[in-house]
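Notes to accompany the following structure.
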Amino acid sequence: MTTLQPVRGTHDLLPLEHRKHSYIIDAARKVAASYGFLEMATPLLEFKEVFKRTLGDVSDIVTKEMYEIVKRGDEEIVLRPEGTAGIARAVMSNGLTQSMPLKFFYEGPMFRYERPQKGRLRQLHQIGAELFGVSDSMGDVEVIALAFDILKVLGLSQHVTLEINTLGDDESRKLYRDHLVAYLKDHHASLSPDSQQRLDRNPLRILDTKDEGDKKILNGAPLLTESLNAFSQEMFLKIQEGLNALKIPFQLNPHLVRGLDYYCHIAFEFTTTELGSQGTVLAGGRYDGLMTTMGGPSIPGVGWAGGIDRLALMLSEDALPPFIRPIAIIPMDEAFDIKGLELAQALRGQGHVVEMTYGGNLGKRLKKANKMNAHYAFILGEAEVASHTVTLKDLDTGEQTQLPREQIGEWLKDKGIS
RNA sequence: GCGGGUGUAGCUCAAUUGGUUAGAGCGCCAGUUUGUGGUACUGGAGGUCGUGGGUUCGAUUCCCAUCACUCGCCCCA
């Protein structure tokens, strides 16, 4: 019985759902191309090391959420939990580090062993964009603008809020980290158990807490902006300037922190209130240290990933392009099936969407044509075949005419489909 | 991984203090209609009441376990 269920946290994408996914991917792909981002794909399988080194040894993704699928000797192979590290690995593997900048768009499934919830799956689907080799803040602006444009095209920009923050460069972040830890240690006893743990592992994450008691303590905490050096400050301001110039609305959220180790400077999240606690729909930041962490040259980078599954939850059915209603081919009975097939092929060759009806008498086949939401039924019976004509029926109005085969194209053109 | 809720037909939901043959709407199939669909009417199929165990003369109903979904936490897209 259980073998008939999908694996926990995985999901069949039935046509209706799949349509949303491909709509999102197509839209994103198109917008990304207009920014000069080239699509690429990396394997679903990577060596564990790729993520262990980059995401940070203590991040949840590495410590408990990775699917390890094969072990051969010392090889530890995992299903990729996210996209950026794999793309960065590919840049190095393929010796692409010589010519910068590089702009990549990608799409595909990621795997994380988490407790499933609405909008949180073990096989999740992401779109993503990465820009390598640009340390200028204009790169950050463009990358965010790309994300915003995609959300706009999807009709979701009104339903999300862009929040940004800066983590500063290494120097600033380390300084702040010390200040914060010093402050929080004084309040250690009153912190929530979760935050007490985070104090050792990832203290910046405490800023993001949902615990009310923690929030009160944080009100008196030192601010990251106070620890920013001049360079980091200027970088952040320039990005805001750029966003303003492009009329991309945003909110400053000094408590916004990214979970993965490789982030620095800008951190941004597009969030929605429509999906419960899984509110983050697209998020990213700058990761200047990523390449060196992987043992490569020092190449800056900035990028984001968006959750297709979450975006799909926000898309309403009627936001999608309408289905093309098919033409149904109706041979009156089996004797004319072959004639029907030939007609269907000819029409498909001209670019029409054509469905064959199988079996049954005229009434039954019309019923099926109706069920498949066909706009027109092309009927072929004894009389039609003998006179080399087809009976063309409009299933919405019920009108029908019998025309010579050669005039079908004309007739379809009159109906506005060609 | 932690805490709460839910699980009856393909879908949305009923089923009285535990009681014999588990119902409805929608959908599906067929007929009324052998060269005309949609509407209408008539009929039909479809359930091991998530799964396993326990209590009981008897369990969809009570108890335990388990699985899945779901809400919140953790984490993240």
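Letters go in sequence order (proteins before strands), and every chain restarts at 1. As a basis for the values below, the full set of heavy atoms in this structure was taken, side chains included, without hydrogen atoms, waters or symmetry mates.
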What interatomic distance, in whole Å, is found between [atom1] of [M] and the corresponding atom of [N]?
N	M	atom1	result
C76(B)	C63(B)	C1'	38 Å
G50(B)	U8(B)	C1'	10 Å
G19(B)	G58(B)	C1'	7 Å
U36(B)	G43(B)	C1'	23 Å
C29(B)	U70(B)	C1'	34 Å
U51(B)	U21(B)	C1'	25 Å
C26(B)	U60(B)	C1'	23 Å
A65(B)	C71(B)	P	24 Å

Rounded to the nearest angstrom, tell me the gap between atom [atom1] in [X] and atom [atom2] in [N].
X	N	atom1	atom2	answer
Leu207(A)	C75(B)	CG	P	12 Å
Asp194(A)	C76(B)	CG	C1'	15 Å
Ile150(A)	A77(B)	CD1	C1'	14 Å
Gln196(A)	C73(B)	CD	C1'	16 Å
Asp208(A)	C76(B)	CG	C1'	10 Å
Glu65(A)	A77(B)	CD	P	10 Å
His11(A)	C69(B)	NE2	C1'	10 Å
Arg205(A)	C76(B)	CZ	C1'	7 Å

Indicate the ring-plane relationship of His187(A) and Tyr183(A), choosing parallel, tilted or perpendicular according to the 30° and 60° boundaries. tilted
Counting only side-chain N and O atoms of [X], is one of them less than 4.0 Å from OP1 or OP2 of [N]?
X	N	value
Lys210(A)	C73(B)	yes
Ser277(A)	G72(B)	yes
Arg310(A)	C76(B)	no
Gln117(A)	G72(B)	yes

Taking the six-membered ring of Tyr113(A), is the NZ or CZ of Arg122(A) close enough (under 6.0 Å from the centre) and on axis enough (within 45°)?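 Pair Arg122(A)/Tyr113(A) counts as cation-pi.
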Salt bridge (charged side-chain N to carboxylate O under 4.0 Å, His left out) partners for Glu46(A), two or more places apart: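 Arg89(A).
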[N] - base-pair partner by Watson-Crick or wobble geometry, distances under 3.5 Å:
N	result
G58(B)	none
G10(B)	C26(B)
G35(B)	none
U66(B)	G50(B)
U20(B)	none

Under 4.0 Å between any heavy atoms, over every strand shown, what does [X] touch: base, sugar-phosphate, or nothing? Just pick one.
X	result
Gly119(A)	base
Leu313(A)	nothing
Arg8(A)	sugar-phosphate
Ala283(A)	sugar-phosphate
Gly9(A)	sugar-phosphate

Is there a donor-acceptor pair closer than 3.5 Å between any side-chain N or O of Glu384(A) and the backbone N or O of Gly381(A)?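 Flag set: sc Glu384(A) to bb Gly381(A) pair under 3.5 Å.
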Polar side-chain atom of Ser192(A) near backbone of Ser195(A) as donor-acceptor pair, under 3.5 Å: yes
RNA chain B: Thr209(A) or Gly307(A), which has the more 5' nearest nucleotide?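 The 5'-side residue here is Thr209(A).
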RNA chain B nearest-nucleotide lookup for Lys118(A) and Asp211(A): closer to the 5′ end is Lys118(A)
Determine, for Arg8(A) against Glu114(A), whether the closest basic-nitrogen to carboxylate-oxygen distance falls under 4.0 angstrom.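 Result for this pair is no, no salt bridge flagged.
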Please determine if Lys393(A) and Glu399(A) form a salt bridge, counting it only when a charged side-chain N lies under 4.0 Å from a carboxylate O.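 No.
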Nearest heavy-atom neighbours spanning Tyr263(A) and Gly285(A):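 Where Tyr263(A) meets Gly285(A) most closely, the heavy atoms are CE2-N, 3.4 Å.
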Can you build the contact string for nucleotides 27-43 of chain B? Use B for base contact, S for sugar-phosphate-only contact, and - for no protein heavy atom under 4.0 Å. -SSSS---BBBB-----
Quick one: which of C75(B), C71(B), C76(B) gets closest to the side chain of Arg115(A)?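 Among the listed nucleotides, the one closest to the side chain of Arg115(A) is C71(B).
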Name the closest nucleotide to the Gln5(A) side chain, picking from C71(B), A68(B), A77(B). A68(B)
Please list all pairs meeting salt bridge (charged side-chain N to carboxylate O under 4.0 Å, His left out) that have one or both residues in residues 353-366 of chain A, counting only residues at least two apart or in different chains.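 Pairs touching residues 353-366 of chain A that pass the test: Asp337(A)-Arg365(A).
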Please test Phe148(A) against Trp304(A) for ring pair (Phe, Tyr, Trp, His ring centres under 6.0 Å), starting from the C-alpha separation and ending with a verdict. CA-CA 11 Å; Phe148(A) 185 72; Trp304(A) 51 258; over 10 Å; no
